[in-house]
Structure formats: C-alpha cells, structure tokens
There are 2 protein chains.
Amino acid sequence: MNKMHKEHNLTKNQKIIFDLIDKSPQPLKAYSILYNVQKKGIKAPLQVYRALDKLVEIGKIHKIESRNAFIACHNSNCQVAKATAFSICEICEKVTEISSAGLSKYLANFKDKDGMKYSKYNLEFFGLCKKCTLK
Amino acid sequence: MNKMHKEHNLTKNQKIIFDLIDKSPQPLKAYSILYNVQKKGIKAPLQVYRALDKLVEIGKIHKIESRNAFIACHNSNCQVAKATAFSICEICEKVTEISSAGLSKYLANFKDKDGMKYSKYNLEFFGLCKKCTLK
DNA sequence: TACATAATGTTATATTATAACAATAACTAA
DNA sequence: TTAGTTATTGTTATAATATAACATTATGTA
C-alpha cells in the first residue's frame, strides 16, 4: 500500500472519526464526536480519544488547545503535527489553520536565549473574524 | 492606592493563590493548587478557578494551554495576558516564558491572508531543555 | 446613605480525559 | 504458516478539569 497516502491506512474507528471532523466547518469536541458516532458503533469515550490521539499523531487532525477541540488538517505542509498555527474568532469561534510560509520559516528557525532548539510548536491567534468585525 | 502596582489590589484569595504560583518553579495545576491552599481556608475548586481567571485576566499569571497549568508572569512587558510565548521541555516539563522582542514584534504585526488582525496570541514551543538534551 | 459592582462561600454537576484489563486484528520474520 | 510482536478494539470504571446556580459579604462610588 502506498505509504504516501496515509488516509488509506486508517482503521475503521479512525476513519469514522476523521470523516466526521473533516466534514465539519468548525472544530469538534471529543464528546460531541462521541454523540455523533454512536450510531456507527463507537460507544465509549476511550474509543474516541484513542482515534483522536492517533489522528493527531499522524497529522490528519490538530487539537486546538485553548478550546479542547479538533480540526482536520488543511495544510499539505504538515503531514505531521509539528508546526501548527491557527486563528480563532473570539465571537463566533471560527477557527482557521494559518498557512504562511513566512511564519513557518520564522518559527521553525526561532531559537531562544538558552539556545534551546524546538522540535514542535503551536500558535493560536485570537481576534475577530471579518464577519464579526462588521457586526 | 497606586494603580500601577496591580499586586496591591489582589484580594485575599487571589493573593494566596498568586503567591503559591509565583513561588513555584514549575507551572501548577488547579487541583494541585487547591490541595495546597486548603489549610488557608480555600476549600472549593471554584474559589481556585475564580482567582485563576482573574489573575490570568490581569496578566499576573498565564495558562499553559497544552498542560492545563498556570505559571506566574515573569515578563514585565505583558501586564495583560495578550501576547504570550513559552518553551516546554517534553521530558522534564520545565516551562519558561520566552521574552524576545523580535518574536513579539513579528507576531504582533502578523496578518493572515484575510487581513484578520489579532488582538491576542499564545505560542507554545516544545522540545528538550538543555539538561534533558544531555541525558 | 444608597446603589452598583466585585468577590466569596457553598453545593452540585458538567466536561474532558485516562487507567486497567481482556480480546481481536494486522504485521513481521523465521 | 506459524509463532511472536505490535497495534487496535471493546468495556467498565474512575480520574482530572471546569462551570452553573444561588445566597452572602465586601468594596467602590455617587
């Protein structure tokens, strides 16, 4: 099987949960996912969390830490969840993955005073989206 | 009272909880704070969370979102919690607030493709601290 | 004073996440 | 193709994180 197409390797539960998140316009929370997949035989929180953990690990989804919610990766750059940036509207809670070569480059090369080199980062911007600004 | 010295305005509970966090070398979790202040008369989670919320709001402490933990602000720039950056060691869990003028400037001025302007951000870098790199 | 606002105390409950263990499926190497 | 290994699943129970609702007290302010 072609290893470049990771989605083909998803297991049944992982696929059910990824499809749900991928179709959703906004991030989904774990228990909201659970309620939505119970008719498909996924009955317990742990089944959801395990699939989520795996999907995050392989970079198919990202966790929005400030919201405890999960969103599908729409950035072809991040096959692995090691460099993520999001914008979050504080009114409508719309979340968008930021895909900026400049930002990625700046952060990937950032070194702090101690010379600590980072293997991963997550950045969350907060503000008002265009729609909510106009209201 | 001098409004420039916000710490003087802390209430009893806020002061107890801030002092505990401020003395701690690593971020503290809400329930660990609760256990530590029960002898001082703070008995319920809500009393802790309310103080934490206020302390975050006025910028005396920051929440490390990926860890659900709280750390005192050691950056004179952020009187208000609107622009935060941390480094987190994935082995020893040591957390350090990053104070880089370049980084702050870059992120404060960052605009995404939609022209959305941000009022706030939180950045968490992950990697190994110096000690843990040598092990 | 009287009013408004913020903080507190308290009980109950909601939400998010993991431990522990048994069973099954998929992968790997002799 | 069999045995060993690793990943995934199913299940019950429970831990950890956080908020709702309401009564009370303290503080700030006109």
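Just so it is clear, the values below take in all heavy atoms, side chains as well, and ignore hydrogens, waters and symmetry mates. Convention: sequence-line order gives letters A, B, ...; per-chain numbering from 1.
In this entry the distance linking CG of B:L10 with C1' of C:dT8 reads 15 Å, nearest Å. Taking atom CD of residue A:E65 and atom C1' of nucleotide D:dT17, one finds them 14 Å apart after rounding to whole Å. Atom pair B:K43:NZ and C:dA12:P shows a separation of 15 Å (rounding to whole Å applied). Distance, A:L55 CG to D:dA7 P: 16 Å, rounded to whole Å. The CD-P distance, from A:Q14 to C:dA25, rounds to 16 Å in whole Å. In this entry the distance linking NZ of B:K15 with C1' of C:dT8 reads 18 Å, nearest Å. Counting to the nearest Å, the C1' atom of C:dA6 and the CD1 atom of B:I58 are 13 Å from each other.
A:K15 has a carboxylate O that lies under 4.0 Å from a charged side-chain N of A:D19, or vice versa, which qualifies the two as a salt bridge. The existence of a salt bridge linking B:K120 and A:E90 is confirmed by a sub-4.0 Å separation between a basic side-chain nitrogen and an acidic carboxylate oxygen.
Non-hydrogen atoms lying under 4.0 Å from DNA chain D are contributed by A:A44, A:L46, A:Q47, A:R50, A:K54, all within residues 44-54 of chain A. Contacts with DNA chain D (heavy atom under 4.0 Å) in residues 30-41 of chain A: none are found.
For the pair A:T11 and D:dT9, the criterion of a side-chain N or O lying under 4.0 Å from OP1 or OP2 is met. For A:N9 and C:dA26, the shortest distance from a side-chain N or O to OP1 or OP2 is not below 4.0 Å. Regarding contacts with the backbone of D:dA18, a side-chain N or O of B:K63 is found under 4.0 angstrom from either OP1 or OP2.
A side-chain N or O of A:E124 and one of A:S66 form a donor-acceptor pair less than 3.5 Å apart.
Taking the nucleotide of DNA chain C with the nearest heavy atom to each of B:K12 and B:N68, the more 5' of the two is matched to B:K12.
When atom types are taken as modelled, the side chain of B:S24 and the backbone of B:P27 share no donor-acceptor pair closer than 3.5 angstrom. Judged purely by atom type and a 3.5 angstrom limit, B:K60 has no side-chain atom pairing as donor or acceptor with the backbone of B:L52. Between the side chain of A:D114 and the backbone N or O of A:M116 there is no donor-acceptor pair closer than 3.5 Å. A donor-acceptor pair is defined here as one N or O able to donate and one able to accept, closer than 3.5 Å; such a pair exists between the side chain of A:N36 and the backbone of A:S32. Side-chain N or O atoms of A:N109 include one that pairs as donor or acceptor with a backbone N or O of A:K105 at under 3.5 Å. Between the side chain of B:Y118 and the main chain of A:I88, no donor-acceptor pair closer than 3.5 Å is present. When atom types are taken as modelled, the side chain of A:Q26 and the backbone of A:E93 share no donor-acceptor pair closer than 3.5 angstrom.
A pairwise comparison of heavy atoms in A:L28 and A:I21 identifies CD1-CA, 3.9 Å as the closest pair.
Each end of the helix from C:dT1-D:dA30 to C:dA30-D:dT1 gets its own axis from five base pairs, and the two axes differ in direction by 50°, given to 10 degrees.
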